[in-house]
Amino acid sequence: MWFFSEEERMLQDSMQNFAQDQILPLAEQADETETLPEGHFSKMAEMGLLGITVPEEFGGAGMGCVEATIVHEELGAVCASTALTYLAHTILFVHNLATNGSKEQKEKYLPDVISGKSIGGLGITEPGSGSDSLAMATMATRDGNDYLLSGTKTYITNAPNGQIFYVYARTGDGKKDVSTFLVENSFEGFSHGKKIRKMGMRGSPTGQLIMDQCRVPKANRVGKEGYSATHMMRNLDIERITIAGISVGIARGALAVAQRYVQEREAFGQTLSKFQMIQKMYADGDAELHAAKSLVYEAAKRWDIAKSEGRPLGKKGALWAARAKLIAATMATKVSLDCVQMLGGYGYDREFPVERMARDAKLNEIGAGTNEIMRLIIAREELN
Amino acid sequence: MDFSLNDIQTEVIDSTRKFAEKEIAPIIDEDEANSHFRRELFPKMGDAGLIGATAPGDYGGSELGIMEYSLILEQLAYYSASYAASFSVTALPIKIIEQFGSEEQKQKYLPDLITGELIGAFCLTEPGSGSDAKSLKTKAEKSGDNYTINGVKQFITNGGQADVYIVMVRTDEKEISALIVEKNCAGMSVGKLEKKMGMRVSPTAEMLFENASVPAANTIGRPADGFRVAMTALDSGRISIASIANGISQAALDKAIAYAKEREQFGQRIIDFQGIEFMLAEMATELEASRWLTRRAAYLHDNDLPFSKEASMAKLKSTEACMRITTDAVQVLGGYGYMEEYVVERFMREAKMLELVEGTSQIQKLVISRNLKKD
Ligand SMILES: Cc1cc2nc3c(=O)[nH]c(=O)nc-3n(C[C@H](O)[C@H](O)[C@H](O)COP(=O)(O)OP(=O)(O)OC[C@H]3O[C@@H](n4cnc5c(N)ncnc54)[C@H](O)[C@@H]3O)c2cc1C
Ligand SMILES: Cc1cc2nc3c(=O)[nH]c(=O)nc-3n(C[C@H](O)[C@H](O)[C@H](O)COP(=O)(O)OP(=O)(O)OC[C@H]3O[C@@H](n4cnc5c(N)ncnc54)[C@H](O)[C@@H]3O)c2cc1C
């Protein structure tokens with residue numbers, strides 16, 4: 001982006017090299033085997049990516065939302081599964097803990113997640129509550145110096161492979177009586193559900209967190225009891241902006257493949273790129289990609305500016321994040337499907353990456369808040 | 001104008017549904033996950049009278065029209081797009097041999113293709129030529145009473161499973177011919193089996209020809225008829241693909257409606273949110289438009305009226321509608337839609353294929369425009 005600083009450009013460069021050299025070669029395998037390639041987390045840790053937004057005093061890189069979005073875009077351009085798993089770890093767990101946790105909690109948990117020794121995730125969604133997240137049923141009840149958590153979180157990224165989870169649970173009868181707990185997978189009463197098979201993002205493991213009278217020390221409650229509902233919503237802003245970054249990456253990656261392909265492949269005595277119907281698909285995709293990208297980085301930049309000025313964006317933050325996510329996610333699905341089309345039969349073949357990119361892209365219209373919920377947020381801010 | 005279905009058509013729909021409920025529905029989800037093709041379903045489809053629907057009675061066919069055939073495909077695709085695709089491909093050799101073949105060829109191949117004892121395939125596409133099929137390079141050289149074939153065919157549905165291959169070859173610089181090649185022909189072999197985005201039960205393979213020798217008597221029609229043969233088959237093939245699209249769309253719509261009625265969020269059924277209501281309304285409208293465009297193309301065909309433009313319109317509209325409908329069905333189911341267990345994601349993966357085969361969407365637009373320019 002035109003406004004990137006020197007540091008941001010350097011990060012972008014090194015991420016591009018890293019993604020090409022380390023992540024791209026394993027992207028097909030990740031999709032095929034439905035597992036995150038061994039070693040991805042330690043490589044990302046070496047690059048200093050796992051604590052990207054965490055202040056340096058806690059071992060992080062001390063960067064902001066623009067940088068985090070750059071990382072997601074670059075990973076998304078080669079392997080969206082890796083980007084999604086990275087997001088669940090770094091934004092949903094690490095960033096949330098660094099933002100909301102106590103000093104003791106940060107000192108206890110951040111080193112291992114920043115070094116990649118343990119993998120984190122976040123649990124909001126339940127079988128009965130997705131978009132209506134505050135209708136969650138998981139209950140936390142006090143038992144001496146502990147809480148006992150009971151309930152099931154579903155469709156949780158990194159649930160099958162993670163060790164530590166940022167879990168929301170109900171601590172009272174009011175709709176907003178929600179609290180946050182740091183739940184280790186070694187805690188009594190905790191079990192991982194089975195890995196769930198998906199259309200795309202297959203290298204990013206998705207599963208359930210099953211808690212049956214799961215014993216969690218009181219010291220692992222994040223923030224005050226019953227005060228998490230607002231945090232939960234606010235934390236979603238950076239999640240939505242970074243996931244929008246993944247969408248930008250997917251579309252960019254798919255267009256790059258199509259761009260090469262249509263300039264090489266010939267039909268009717270000329271390269272495909274000479275046909276106006278191909279030009280339209282490519283040009284529309286290219287223009288929509290850049291429109292989405294501008295919006296996504298504007299949302300990220302606003303997030304950073306607000307943070308540096310110490311005035312949270314509040315509802316305006318939710319609005320910008322919703323705009324960015326809605327546009328980027330719908331754009332990526334359309335553009336990646338068009339890229340399959342530009343490759344003809346080869347696009348449908350799993351030897352080319354575009355069909356994977358199309359399967360991956362669709363997730364972002366659903367995860368982290370559906371398109372419909374993004375529209376509700378925009379309408380709530382702009383129409384009432 | 002009469003939009004109603006007659007008794008035969010209603011019966012065709014019923015019997016196809018019954019067949020698919022019994023034979024396909026119980027096994028398809030697992031088979032799609034494992035790319036497992038069941039050859040034994042073909043004789044069963046034959047038994048149910050589905051394969052030879054349009055073929056002449058003399059060879060065991062039912063002498064129905066493309067309209068009825070379209071209804072069959074729509075119902076089959078409702079249960080399995082993969083089987084509908086494989087089925088529509090086995091029907092291509094039947095159609096081609098029936099229309100252009102010699103009496104001997106008809107006697108030899110039609111009865112067994114119609115019972116499903118034999119499976120058919122159609123080999124036009126090559127690694128270097130898809131839309132521009134005319135530039136195909138596979139060569140057949142005549143020596144005595146035989147042709148010797150050399151070349152590669154790409155993306156061949158039923159490749160490796162089929163017994164009877166219709167292969168488009170260049171018999172001369174300017175001459176494309178259609179040859180019948182049997183499974184056990186020495187020199188023909190199965191290359192790479194493609195791994196695809198969807199339609200995983202339906203095999204798609206590369207077919208390799210290395211000095212494959214067939215009798216010159218295996219030529220369909222005269223030499224040089226090949227391209228016309230292929231294009232005629234594809235014209236009605238477009239109605240088939242449109243019908244498959246409509247079947248998938250109906251399945252996706254049904255699943256989306258059923259789910260939206262059950263699922264509650266924010267204290268109400270999600271089907272009562274306008275965000276879901278308009279999506280479902282648009283899906284249903286798109287499907288209805290597609291279906292009637294398809295049936296009109298079938299009607300024109302069955303009444304010996306020009307139908308090429310309408311077949312292209314039906315294919316373009318139905319497959320693009322199918323892509324949108326299946327993508328929206330995933331959306332209606334939210335996170336559940338993205339999971340294999342809930343099946344709609346499969347419909348979305350299947351839909352994409354239909355925008356590519358038997359002439360891509362772009363090629364349909366060219367055909368339609370060519371017709372518009374005519375007068
Ligand atoms: C691959 C994957 C990874 C995920 N990772 C995580 C994770 O790490 N942590 C986590 O907590 N969750 C995760 N999720 C869950 C995700 O956030 C939810 O799937 C999502 O919020 C939607 O919820 P739902 O699936 O229950 O759909 P529902 O909320 O049931 O929605 C179904 C449909 O109804 C629509 N709808 C709902 N309410 C309204 C309304 N008021 N107006 C109009 N339309 C409405 C929706 O837009 C959707 O189209 C993940 C999901 C997937 C698929
Ligand atoms: C699952 C599957 C099964 C198949 N089964 C069979 C089969 O059984 N038998 C068989 O012979 N083939 C089969 N095919 C091949 C299929 O028919 C071709 O893939 C299709 O014709 C497109 O050709 P192509 O892949 O070479 O793409 P190309 O022709 O290279 O097209 C690439 C892109 O360029 C566009 N394009 C091409 N020409 C023009 C133009 N003039 N103007 C504007 N745009 C243009 C196309 O629309 C497409 O978007 C199958 C394909 C698939 C994916």
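Letters go in sequence order (proteins before strands), and every chain restarts at 1.
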Problem - Engaged part of A/T125 at the chain B interface, taking heavy atoms whose separation is under 4.5 Å - result: neither
Practice task
Drop me the distance from A/L343's CG to B/L356's CG, to the nearest 0.5 angstrom.
Solution key: 9.5 Å
Completion exercise
Taking every heavy atom of A/Y348 against every heavy atom of B/R349, the minimum-distance pair comes out as OH-O, 2.8 Å
Problem - Pairing of A/R197 and B/E345 as salt bridge, 4.0 angstrom limit - result: no
Completion exercise
With chain B, the option among A/L376, A/T370, A/V340 that has the most non-hydrogen atom pairs under 4.5 Å is A/V340
Problem - Heavy-atom contact with chain A under 4.5 Å, split by part of B/Q154 - result: side chain
Problem - Engaged part of B/S129 at the chain A interface, taking heavy atoms whose separation is under 4.5 Å - result: backbone
Exercise for the section: Sort out for me which of B/E264, B/E341, B/K192, B/K134 touches chain A most, counting heavy-atom pairs under 4.5 Å. Expected result: B/K192
Exercise for the section: Report the distance from atom CD of A/Q276 to atom CD of B/Q362, rounding to the nearest 0.5 Å. Expected result: 13.0 Å
Completion exercise
In short, B/K195 meets A/E32 closest at the heavy-atom pair NZ-OE2, 3.2 Å
Handout entry: Nearest-0.5 Å distance that lies between atom OH in B/Y342 and atom NZ in A/K198
Key = 15.0 Å
Practice task
Find the distance between CZ (B/F266) and CG (A/L134) and round it off to the nearest 0.5 Å.
Solution key: 8.0 Å
Exercise for the section: Side chain from CB out, backbone as N, CA, C, O: work out which of these in B/R263 comes under 4.5 Å of a heavy atom of chain A, or both, or neither. Expected result: side chain
Exercise for the section: Select one option (side chain, backbone, both, neither) describing which atoms of A/Y346 are under 4.5 Å from chain B's heavy atoms. Expected result: both
Problem - Beyond-backbone contact of B/L366 with A/M277, side-chain heavy atoms, under 4.5 angstrom - result: yes
Handout entry: Short side-chain to backbone donor-acceptor contact, B/E355 and A/Q341, under 3.5 Å
Key = no
Practice task
Quick one: which of A/A358, A/A267, A/A135, A/G269 has the most heavy-atom pairs under 4.5 Å with chain B, could you say?
Solution key: A/A267
Completion exercise
Heaviest contributor of heavy-atom pairs below 4.5 Å to chain A, chosen from B/G275, B/G335, B/G337, is B/G335
Handout entry: CD (A/Q270) with more than 12 external heavy atoms under 6.0 Å
Key = yes
Problem - Atom group of A/M281 that falls short of 4.5 Å from chain B, counting heavy atoms - result: side chain
Problem - Among the listed options A/E351, A/E355, A/M199, the residue most often paired with chain B at heavy-atom distances under 4.5 Å - result: A/M199
Fill in the blank from the handout: Looking only at B/G130, B/S135, B/G198, most heavy-atom pairs under 4.5 Å shared with chain A are made by B/G198
Fill in the blank from the handout: Note: A/F268 and B/D132 closest approach over all heavy atoms is N-OD2, 2.6 Å
Problem - Nearest atoms (heavy-atom pairs only) where B/Y336 meets A/E126 - result: OH-O, 4.2 Å
Problem - More than 12 heavy atoms of other groups within 6.0 Å of B/K137 NZ - result: no
Handout entry: Any pair counted as salt bridge (Lys or Arg N to Asp or Glu O under 4.0 Å), so long as it reaches residues 260-279 of chain A, sequence neighbours left out
Key = none
Practice task
Determine whether B/E340 and A/R202 make a side-chain contact, defined as any pair of heavy atoms from C-beta on separated by less than 4.5 Å.
Solution key: yes
Handout entry: Exercise: identify the closest heavy-atom pair between A/N371 and B/Q331
Key = N-NE2, 3.7 Å
Exercise for the section: Determine whether B/M348 and A/K362 make a side-chain contact, defined as any pair of heavy atoms from C-beta on separated by less than 4.5 Å. Expected result: yes
Exercise for the section: Measure distances from B/F155 to the heavy atoms of chain A and classify the residue's part below 4.5 Å as side chain, backbone, both or neither. Expected result: side chain
Exercise for the section: Please look at B/M199 and chain A and tell me whether the side chain, the backbone, both or neither of the residue comes under 4.5 angstrom of a heavy atom of that chain. Expected result: both
Completion exercise
Whatever's closer than 4.5 Å to a heavy atom in chain A on B/S361 counts as both
Handout entry: Residue A/L272 versus chain B: region with a heavy atom under 4.5 Å
Key = neither
Fill in the blank from the handout: Bottom line for B/F273: the part with an atom under 4.5 Å from chain A's heavy atoms is neither
Exercise for the section: Determine yes or no for a side-chain-to-main-chain donor-acceptor pair under 3.5 angstrom, with B/Q265 supplying the side chain and A/S131 the backbone. Expected result: yes
Handout entry: Any side-chain heavy-atom pair of B/T204 and A/D349 under 4.5 Å
Key = no
